[in-house]
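Reminder, nothing fancy here: chain letters follow the sequence lines and each chain counts from 1. Computed from a predicted structure; not experimentally measured.
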Amino acid sequence: MAKEITSREADYSQWYNDLIVKSSLADYSAVRGCMVIKPYGYGLWEGMRDVLDKMFKDTGHVNAYFPLFVPKSLFEAEEKNAEGFAKECAVVTHYRLKSNPDAPGKLMVDPEAKLEEELVVRPTSEAIIWNTYKGWIQSYRDLPILVNQWANVVRWEMRTRLFLRTAEFLWQEGHTAHATKEEALAETVQMLDVYAKFAEEYMAMPVIKGVKTESERFAGAEETYCIEALMQDGKALQAGTSHFLGQNFAKAFDVKFADKSNKLDYVWATSWGVSTRLIGGLVMTHSDDDGLVLPPKIAPLQVVIVPIYKGDEQKGLIDNVVHPLVTQLKDLGITVKYDDSDAARPGWKFAEYEMKGVPVRIAVGARDLEQNIVEVARRDTKEKMQVGINGLAFYVKVLLDEIQLHMFNKAKAYRDEHITPVQNWTEFQGVLETKGGFISAHWDGTAETEEKIKEATKATIRCIPVDAVEEHGVCVFSGKPSTKRVLFAKAY
RNA sequence: CGGGAAGUAGCGCAGGCCGGUAGCGCACUUGGUUUGGGACCAAGGGGUCGCAGGUUCGAAUCCUGUCUUCCCGACCA
């Protein structure tokens, strides 16, 4: 038993940490709050990135890259945004080291090399980008600008967790500029839909589309849309956000355009992003006590083939069957690995690929060949099936689709069971303590009530669902009138 | 940033109170036997005990500082 992980029941947090490390997604690093994303974890991110990037391109966006550093004077231009991030900014103050005269062989910051103006390491890029857009935009003919960047950002978090919250993380941030409010709003909603589609169809992670309350809104935004997912421990995870920024950044950076009648107006803006946090969400949505469970559409490796043999003669016979199978699977666009390494025995390989969440495993032994079959095992349900070799590649292709669908349906069933409508404060507290998940409740719309509920229970309003129905009710906490239900939950 | 715990071979740990030149399991190397759920036998290799100071004839062990990680709070994606 070389690699065992803590069970979810014993300690959910420890299970998560064990899983990330033992499945080789990431490692802790020598830098406080920063992690190393290992090749398997990065492969997962690359797969997600490739799909999202295509979805962005298909909706008319292009990629660009802006600087890591933001001069402090630019950063503080949009005051609300700057204040919102001020407490977690890394700041570059010097540009040179020198030998330390008091400690031979050691270096020190050269006090003579102090920067004229401090550079903020971007926690997000609105400031540097809007400063740049000012030079790109004169007329309505220059609009819209639909730019995305894949980048790293830094937020100096006090308490970090692998993938979910690290000081540095990878993400994409879209920054668009529009001539009208309507167009910007449409863009905001469009990208929210892109995120939701990606989460559900590729990650098999069901999400609720909604709007943030004022206190949870992105600093500097007029409106923040979000997708919220539910983890297996009943806590919610904000998985992506899309912001309608109004004219806030255009005003802060003086970005005006001339419309068709040559009238000057400020540009309308959006920004939207998802990060490597999605990997944490993926892990906590599907995985079990034996390791990762990855949806086929995102899994870096979809199929692994393990030979079981005694001696070179049997190995040769198995090779004769497996090699054409590998070709057939690849021709169907399936990623496959034939693990015929002699370094580990079959049982060890089984456990290892289960830990890594490979969706389908095919075991081929001499006994199978006599009957012209193989053993196909699916990771999500742990089922094993005897399948004929003829037509096997196509069978696997269909099976991968079935696994993808089953994973989504299972996660959705769990999520739906954990959206609990409550009518009063007693029920609210009871559900939160015993069951967890989302609580659908009426709220009076005030930040005061929201804050008091948070203080009392640690639950926050995750979102006001976009499909919330209008109904008359009374606030679960204050008893004041309310027109729609919102979703509360404890959150990551 | 406050409270708690931890850091000794790649991983998991013992040793520490009572200072005397570091050990166990797994992993690794070589050879052999094996292979249908984390194989077995034999012989090997590998550690400035997180880092930096201090006490001492002598420090993994005692003292001080510091770094990193985990858990609980406050803050946040």
Write down the distance separating the [atom1] atoms in [N] and [M], rounded off to the nearest Å.
N	M	atom1	result
B/C40	B/U35	C1'	12 Å
B/G50	B/C76	C1'	29 Å
B/C18	B/C62	P	9 Å
B/G19	B/G38	P	47 Å

Is any side-chain N or O of A/Lys349 closer than 4.0 Å to OP1 or OP2 of B/U35? no
Kindly point out which of [options] is positioned nearest to the side chain of [X]?
X	options	value
A/Lys458	B/G36, B/A74, B/C70	B/A74
A/Lys87	B/C70, B/C75, B/U35	B/C75
A/Ala351	B/G37, B/C76, B/C71	B/G37
A/Arg32	B/U68, B/G36, B/A77	B/U68
A/Phe169	B/G36, B/A77, B/U34	B/A77
A/Arg159	B/C72, B/C76, B/A77	B/C72
A/Met355	B/U35, B/C72, B/G38	B/G38
A/Arg277	B/A77, B/G73, B/C76	B/A77
A/Asn17	B/U35, B/G37, B/C70	B/C70

Please classify the nucleic acid contact of [X] as base, sugar-phosphate, or nothing, using heavy-atom distances under 4.0 Å.
X	answer
A/Thr276	nothing
A/Leu164	base
A/Ser13	sugar-phosphate
A/Ala239	nothing
A/Gly280	nothing
A/Phe218	nothing
A/Val31	sugar-phosphate
A/Glu354	base
A/Tyr28	sugar-phosphate

Could you identify the nucleotide paired to [N], looking across every strand shown and requiring Watson-Crick or G-U wobble geometry with both distances under 3.5 Å?
N	answer
B/G65	B/C51
B/C70	B/G4
B/A39	B/U33

Spacing between [X] atom [atom1] and [N] atom [atom2], to the nearest angstrom:
X	N	atom1	atom2	answer
A/Ile318	B/U35	CD1	P	12 Å
A/Gln14	B/C71	CD	P	7 Å
A/Trp348	B/A27	CH2	C1'	10 Å
A/Glu83	B/C75	CD	C1'	16 Å
A/Arg155	B/C75	CZ	P	17 Å
A/Tyr12	B/C72	OH	C1'	19 Å
A/Asp11	B/U69	CG	C1'	15 Å
A/Arg165	B/C70	CZ	P	13 Å

Could you tell me whether the side chains of [X] and [Y] share a donor-acceptor contact shorter than 3.5 Å?
X	Y	answer
A/Ser215	A/Glu451	no
A/Glu126	A/Ser271	yes
A/Glu450	A/Thr213	yes
A/Asp319	A/Tyr338	yes
A/Asn248	A/Glu222	yes

Applying the salt bridge (Lys or Arg N to Asp or Glu O under 4.0 Å) criterion to A/Arg8, which one of A/Asp288, A/Asp289, A/Asp18 satisfies it? A/Asp289
N/O donor-acceptor pair, side chain A/Lys384 with base B/G36, under 3.5 angstrom: no
Give a yes or no on whether a donor-acceptor pair under 3.5 Å exists between the nucleobase atoms of B/G36, that is its base, and the side chain of A/Arg345. no
Test applied, ring-ring contact (aromatic ring centres under 6.0 Å, His included); reference residue, A/Phe488; option that passes from A/Phe477, A/Phe438, A/Phe428: A/Phe428
So for atom NZ, which belongs to A/Lys452, do other residues, nucleotides or ligands contribute more than 12 heavy atoms lying within a distance under 6.0 Å? no
